[in-house]
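In what follows, every chain begins at residue 1, and chains take the letters A, B, ... in the order their sequences are listed.
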Amino acid sequence: MLDFLGSLERTHHCGDLRAANAGQQVVLMGWVNRRRDHGNLIFLDLRDRSGIAQIVLDKELTPDGHLKGEQVRPEYVVAAVGKVRLRGADATNPKMATGEIEIEATQLLVLNDARLAPFSPAEEAIQNEEVRLKYRYVDLRRPEMQRNFRLRHDITLAIRESLSNQGFLEIETPILTKSTPEGARDFLVPSRVHPGEFYALPQSPQIFKQILMISGCDRYFQIARCFRDEDLRADRQLEFTQVDLEMSFPRREDVFAVVEQFLAAGFKAAGVTLPTPFPRITYDDSMRQFGTDKPDLRLPGLTDVRPAFTDENLATLQIDPALPVVALRIPKVGELSRKEREDNWPLFDQKKGAKFIDDFKRLAKGFPEAAAKVRELAGAAEGDFVIIVAGDPAHHVKASDTKFEGRLSEREINVYAAAGNFRTELSKKYAERHGAFGVTEQTVVDAHERNAQDPMDGSTAFHPIWIVDFPMFEYDLASAKWVPAHHPFTSPYEADMANLVSDPASVRANCYDLAMNGMELGSGSIRIHRKDVQQQIFKSLGISDEEAHARFGFFLDALEYGTPPHGGIALGLDRIVMLLAGAPSLREVIAFPKTAKAIDLMADAPTSVSEHQLKELHIRVALKS
RNA sequence: GGGGACGUAGCUCAGUUGGUUAGAGCGCUGCCCUGUCACGGCAGAGGUCGCGGGUUCGAGCCCCGUCGUCCCCGCCA
C-alpha cells in the first residue's frame, strides 16, 4: 500500500546531515539503497543526490514504520520522518560521510514501489554496458554518475561565468539550418512545407558565429550542440557539445588568452589548477617530436637518432637514409623478452612504409657504437624501453615523394606517424610500468575530494599544448590538386597570402589546435574577413563561383557589408569533462549517449515512422533489398 | 566498408578432449534475527548456453551464417 506525499515537506538532503544536526527533527526523501533487517530492528540506507543516510526503524518506537520497513525493497521511493541522533561510539561508520549520525524514524512513507532492476545503483558499475544504457535511469542513480554530472555542471557553469566576465555574450544559433562546410556528413531534416527540401543540423555554428561578428556582436560564445553523422568512437558521439566562441579584431594571442582563462576556470571548478599560459608547438615540430598533431606530453617524445648511424650502418640495416630515423622511449618498462616484444608487433602500423628495431641486444652486437649512441641521444635510463623507427626502402607507400621546400613530405610524415602511433599504443600498454598516466588518475580522484577554493596542482597530470602553423593545403594525390586542410574560411597568414597561387605548399594557415594528454580538445582559426581573399581561397581550392554561391552565398554576401577581422575556436566540452572525470569514454559524461552503432538503447532510436508521417514529409523509403 | 574482443541464471564469471541432470559468488523469494552498515542464519526459486543452420550416436564446446555490445582502421578539416 503506497502513501501519498500530502503536505509533507522535505527538510534536508541525506548526504548533508552531520553530528551538528543531532537532535533536529528531519524529513528525508529518497531511494532505498540497502535494507538490513534484524527482525525487530531494520536499517534502511536512504539515498538521494547528495549521499546516503541511515534510517533506523525500531518496532517498539514505530510499529507502523517498522511494518513498512519490512515491505520496502531496493529502489523503493520513501520518505522518512524522525530525529537525527548521534550513533554510539561503537556504531559509528567512518566509511560514510554521514556515519556519525542516523535517523531515528517515527514514520516511514512508501511513496512508490519499484520493480527489481537488472542491477543495483548501490553497487559498482556492471560490465554490461548494454544493460546500463537500456536502464540508464537506474545507472544514472549511481554516485559515480551523479558525481560526473555534478562535475560537468560545475565546469560548464565556471566556463560560462568566465566567458561572460571576459565580455562574451551567449547567443543561440539555429539547430535547423543549412549544411555547413565542416566536411563531415550532415544530418538532414526533411521540410514538410517545402517538398523535397531539407534542413541540415549544424556540424558547428561556424557560419552563424562569423555572421554574428559581422553583426557587430564583438564577442560571442555558446555551449553549442553539434551534429556529425560519422561513425562513433569512445571519444566521439553523433551529437556533442562544444564551447564555441568568436571574437572581433583578435590577434591569435587574444584567442589563446581567452581560452586559457576559461579553461583554467573550468579546471578550477573541478578542483585542479591548470598553469597558464599553455606551451606551443608548430605542426611540423609536433610531427617531428611526437608523430602526431595531438601530442601527449606526459611521456618523452621522439628523438632524432639519424646522427647515431653512418650511411653504411643504414645500408646494412636496410633503412632509407633520406627519411627520418627516430627513437621512441617508454620509461621504466624493464627488459622485455622476445615473446613480449613480439606481442607488441601488431601495434605497429605496417602500412606507413616504416619499419622498427626493438631488439637492442642484437643491434648492439652488430653496431655497438650506434646502439649506445641511440640510447644516449634518447636519454634512455636503465630499464627504459627504446625502439628505433625508420623508413623502409623496400616498402614504397603510395605517397607524394615530392619534397616541398620548408615542409615535411608525406613520406616523412608517415614515418613520424608510425613512430607516434607506436609510442601511443605502447604507452597505453605499459601504463602501469611508466606510471605517467597514474598521476592523472590520482589527480582526478583527489580533485573530486577537493573544491574550487582549494584546487590542487594539475601541472604534472594535465598537459595542454597549442599546435600552430598548420599547412594551409594538403596535396591530394588522387586528384593531383591542393585541397584545404581546414574549412575554407580559415585565413592564411597575412605574410603568406602573396604565395597563394605561386607556391601553395608554403602557405601556412592561421589556425590552431588545442591538445591535452594526447586528445584533441579544440580547434580554431583567424578567419578570412575580406571578400577578395575569400574568392582567392575558393579559386585555389578549385571551388567555382557557382558552387560557392550555392553553398554559402548568404555568407559571401554578408562578407561584403562591413566584416571586421575576426577569429575564434571551439572546444569539446564532453572531452574536457571526460578528462577531468577520469572517464574512459564520453558515454560516462553524457546522460543519454548512443552506442557505437549509433543506437539509443533506452529510447530505442532510431525507428521507422508511419506512412502518414512519411507522406507528409514527401519522403519515400527505398531500402536496398 | 574492414579488422579484433566478447556473448552461459538478473549481475560477475567458471564450464576439462565433444559425453549422463550446465555450476559458483552476488542478487532475488520465504522464514528467523535489536546495532547492522557488502549484516548474519536456514530454506528455495531462477537457464531457448544471443539467434539460425551444419558436422556428429551425442554440441555450451567444432564449422558456417547472423544479431548485439565494446575497441580500432577507414571516416570525423
Side-chain angles (χ1 to χ4, degrees), chain A residues 33-47 52-61 66 69-70 73-75 85 87-96 98-99 102 104 115-135 138-139 180-186 203-204 206 226-238 240 283 293 346-347 349-352 421 424-425 428 470-474 476 483-490 509 511 513 520 522-525 541 570 572 584-585 587 594-599 601:
Chain A
N33 197 57
R34 276 206 171 83
R35 188 178 67 119
R36 292 176 294 281
D37 187 345
H38 288 237
N40 289 328
L41 189 70
I42 298 171
F43 297 100
L44 290 187
D45 286 344
L46 191 63
R47 183 191 67 240
I52 291 173
Q54 175 167 284
I55 314 294
V56 187
L57 297 160
D58 191 323
K59 196 170 188 177
E60 282 181 21
L61 271 160
H66 180 269
E70 284 183 324
R73 292 292 178 270
E75 302 309 309
R85 76 176 173 208
R87 299 196 199 180
D90 52 338
T92 297
N93 184 351
K95 284 184 284 186
M96 284 175 77
T98 61
E102 63 192 2
E104 178 189 278
R115 285 174 62 185
L116 182 67
F119 61 96
S120 164
E123 281 159 29
E124 283 188 13
I126 58 170
Q127 296 300 306
N128 190 337
E129 204 172 347
E130 206 175 337
V131 176
R132 281 182 61 197
L133 288 174
K134 181 168 181 188
Y135 297 88
V138 178
D139 191 43
T180 43
E182 297 291 322
R185 216 171 282 121
D186 282 318
Q203 295 180 29
S204 82
Q206 184 63 34
C226 304
F227 306 85
R228 294 180 189 180
D229 188 8
E230 298 293 345
D231 288 345
L232 294 80
R233 291 281 192 282
D235 61 352
R236 276 162 36 186
Q237 282 274 314
L238 297 182
F240 57 99
Y283 167 80
D293 59 3
L347 300 175
D349 185 355
Q350 303 279 350
K351 290 174 220 149
K352 298 230 180 260
N421 291 343
T424 307
E425 291 299 323
K428 279 185 209 156
F470 286 83
M472 185 83 184
F473 304 102
E474 281 165 3
D476 181 46
V483 298
H486 324 277
H487 65 63
F489 309 127
T490 301
C511 68
D513 275 8
E520 184 190 320
S523 185
S525 64
L541 298 177
S585 104
R587 295 183 298 278
K594 289 170 186 63
T595 67
K597 283 264 167 65
I599 305 283
L601 288 173

Closest approach to the side chain of A/R73, judged atom by atom: which nucleotide of B/G68, B/C75, B/G30 is it? B/G30
Residue set satisfying ring pair (Phe, Tyr, Trp, His ring centres under 6.0 Å) with A/F43, at least two apart, ordered chain then number -> A/H38
What's the gap between B/C61 and B/G52 when it is taken at their P atoms, as a whole Å value? 13 Å
Phosphate OP1/OP2 of B/C73: any A/R233 side-chain N/O under 4.0 Å: yes
What contact category does A/A596 fall into here, base, sugar-phosphate, or nothing, at under 4.0 angstrom with non-hydrogen atoms? sugar-phosphate
Of all residues at least two apart in sequence or in a different chain, which pass the salt bridge (Lys or Arg N to Asp or Glu O under 4.0 Å) check with A/E520? none
Quick one: is B/G27 close enough that its OP1 or OP2 comes under 4.0 Å of any side-chain N or O from A/S120? no
Taking 4.0 Å as the cut-off, does a side-chain nitrogen or oxygen of A/R587 come that near to OP1 or OP2 on B/C71? yes
A/F473 meets the ring pair (Phe, Tyr, Trp, His ring centres under 6.0 Å) criterion, sequence neighbours left out, with none
Nucleic acid footprint by protein, nucleotides 7-15 of chain B - heavy-atom cut-off 4.0 Å, B for base, S for sugar-phosphate alone: ---SSSS--
Protein within reach of the bases, or only the backbone? For nucleotides 34-45 of chain B, mark each nucleotide 5' to 3' as B, S or -, using heavy atoms under 4.0 Å. BBBBSB------
Would you please name every residue forming a ring pair (Phe, Tyr, Trp, His ring centres under 6.0 Å) with A/F240, sequence neighbours left out? none
